[in-house]
Asks: 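Questions regarding the structure given below will be posed in turn.
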Protein chains: 2
Amino acid sequence: MSGNQFKRGELYSFITGVASTAIARRLQKNFKQHGIDITIEQWSVLYHLWKQDGQSQQELCNATFRDKPSITRLVDNLEKLKLVRRVASAEDRRINMICLSEAAHALRDQTMEMANQTLNEALGGVSTEEIEMCKSVLQRVYDNLK
Amino acid sequence: MSGNQFKRGELYSFITGVASTAIARRLQKNFKQHGIDITIEQWSVLYHLWKQDGQSQQELCNATFRDKPSITRLVDNLEKLKLVRRVASAEDRRINMICLSEAAHALRDQTMEMANQTLNEALGGVSTEEIEMCKSVLQRVYDNLK
DNA sequence: GACATATAGTTAGTTATGCAACTAATTCAA
DNA sequence: TTGAATTAGTTGCATAACTAACTATATGTC
């Protein structure tokens, strides 16, 4: 294994083992401390619904890079929490449109504020240029594999 | 929410939702296609044991950035697969030293080759400098939060 | 119209994660 | 030296992930 390949292995280890969980764990803890009982995964679905309400589960799969069973269960749990409801589409009855409840709308500002705080904390000492470059690299990795 | 903060939200989404799973999924698929029935998480533990055999579970926690119950269960499953065994330390009987079996040693070259192929594929069009920069950013993120 | 194919979503089974509470062994201090 | 605090590891519970197999609706072709 060449030196460079070893570094790539380390990057793999880092991407899958650290960066993907450290921010999530911190954000989860902040939610909990503020009495907000949703998981980060649930929040990431709400995040995309706040951008556009009424998306289908398939659209949420694409947006969150999850598979269909994962979204089915996240929506199940969000429904239990009365944060979303499934509304059958009139045009295509295979489709569930996922619609935010009033409670979910109310969560937006509160959690977005915490997310920003956490991300500012996490990204202390990281410049905007570096953030952009990371995004670009991660996008290329994703495109290479999809 | 300012423009920059929105970009940070997108980065969060990307880090937790894409980069952390795309490479892992591809590597998992490659393992399966070659008849290697271990999970990526199990592989990531073996990866650190190949670097140094006989580490304690706590050392594996630190190396893989997982908590103790996660390592307990990964070691449980690796033991079921007869890839490692727990050996009680003579000096400190609280400690399990995790030791690789012959079968696990044999897996090393085969899976490392696949990992390198997958990472080369994933990192196509990404320069060594960019990889280093990403590692540096992810390290700073981790340090900021730990 | 009827049958093949594709698409949206669900269910079952296994593995993994985080948290909290626990046991057992070790260390430190009065 | 005994009793408190620390450290290593395990167990229980809830949530989430992927794969494979499934149902139901829609589309397209003969």
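Per chain, numbering begins at 1; letters A, B, ... match sequence-line order.
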Asks: Using a cut-off of strictly less than 4.0 Å, decide whether B/Q58 has a side-chain nitrogen or oxygen near OP1 or OP2 of D/dA8.
Replies: yes
Asks: What is the distance from CG of A/D37 to P of C/dA20, rounded to the nearest Å?
Replies: 12 Å
Asks: Is there, by distance only and without an angle test, a donor paired with an acceptor across the side chain of B/R73 and the base of D/dG12 below 3.5 Å?
Replies: yes
Asks: Provide, to the nearest angstrom, the distance between the CD1 atom belonging to A/I98 and the P atom belonging to C/dA8.
Replies: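 That distance rounds to 13 Å.
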Asks: Nearest of D/dG12, C/dG9, D/dA17 to any side-chain atom of B/P69?
Replies: D/dG12
Asks: Indicate whether OP1 or OP2 belonging to C/dT10 is found under 4.0 Å from a side-chain N or O atom of A/T72.
Replies: yes
Asks: Mind running salt bridge (Lys or Arg N to Asp or Glu O under 4.0 Å) on A/R66 and A/E41 for me, showing each step along the way?
Replies: CA-CA 10 Å; A/R66 290 182 171 88; A/E41 291 79 9; 5.3 Å; no
Asks: To the nearest Å, give me how far apart CG (B/D92) and C1' (C/dC28) are.
Replies: 15 Å
Asks: Just how far, in rounded Å, is C1' of C/dG9 from CD of A/Q55?
Replies: 16 Å
Asks: Taking atom CZ as the centre, does A/R86 end up with more than 12 heavy-atom neighbours from other residues, nucleotides or ligands that are less than 6.0 angstrom away?
Replies: yes
Asks: When rounded to the nearest 0.5 angstrom, what is the spacing between CD in A/E130 and CE in A/M133?
Replies: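 With rounding to 0.5 Å, CD (A/E130) is 8.0 Å from CE (A/M133).
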Asks: Using OP1 and OP2 only, check whether a side-chain N or O of A/R86 sits under 4.0 Å from C/dA8.
Replies: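 No.
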Asks: Which residue lies toward the 5' end of DNA chain C, A/K32 or A/E59, if each is placed at its nearest nucleotide?
Replies: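 Nearest-nucleotide comparison on DNA chain C picks A/E59.
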Asks: Measure the distance from CG on B/L27 to P on D/dC18 and round it to the nearest whole Å.
Replies: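 Spelled out: CG on B/L27 to P on D/dC18 is 15 Å.
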Asks: Given C/dC19, D/dT19, D/dT25, which nucleotide is nearest the side-chain atoms of A/R93?
Replies: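 Side chain of A/R93 sits closest to D/dT25.
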Asks: Both A/K68 and B/R94 contact DNA chain C. Taking the nearest nucleotide for each, which residue is further toward the 5' end?
Replies: A/K68
Asks: If you look at every strand shown and take non-hydrogen atoms under 4.0 Å, does A/N96 touch a base, only sugar-phosphate, or nothing?
Replies: sugar-phosphate
Asks: Under 4.0 Å, counting only non-hydrogen atoms across every strand here, what does A/Q28 touch: a base, just sugar-phosphate, or nothing?
Replies: nothing
Asks: Compare the minimum distances between each of D/dG9, C/dA16, C/dA8 and the side chain of B/N77, then state the nucleotide with the smallest one.
Replies: C/dA16
Asks: Roughly, in whole Å, what's the span from NZ in A/K29 to C1' in C/dA20?
Replies: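 Taking atom C1' of C/dA20 as the reference, NZ of A/K29 is at 14 Å.
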Asks: If every non-hydrogen atom of B/I36 is compared with every non-hydrogen atom of B/T111, which pair is closest and at what distance?
Replies: CD1-CG2, 3.8 Å
Asks: Between A/E113 and A/Q110, is there a donor-acceptor pair closer than 3.5 Å when you use the side chain of the first and the backbone of the second?
Replies: no
Asks: Choose from C/dA16, D/dC18, D/dA8 the nucleotide whose nearest atom is closest to any side-chain atom of B/T39.
Replies: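 Among C/dA16, D/dC18, D/dA8, the one nearest the side chain of B/T39 is C/dA16.
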Asks: With a 4.0 Å cutoff (strictly under), does any side-chain N or O of B/Q42 reach OP1 or OP2 of C/dA16?
Replies: yes
Asks: With a 4.5 Å heavy-atom cut-off, do B/F31 and B/L27 have their side chains touching?
Replies: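 A side-chain contact under 4.5 Å exists here.
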Asks: In this structure, how many angstroms lie between the C1' atom of C/dC19 and the CD1 atom of B/I71, rounded?
Replies: 16 Å
Asks: Nearest-Å distance, CD (A/E79) to P (C/dG9)?
Replies: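 Answer to the nearest Å: 13 Å.
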Asks: Check whether any side-chain N or O of B/R66 sits under 4.0 Å from OP1 or OP2 of C/dA16, and answer yes or no.
Replies: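 Indeed not, no polar side-chain atom of B/R66 lies that close.
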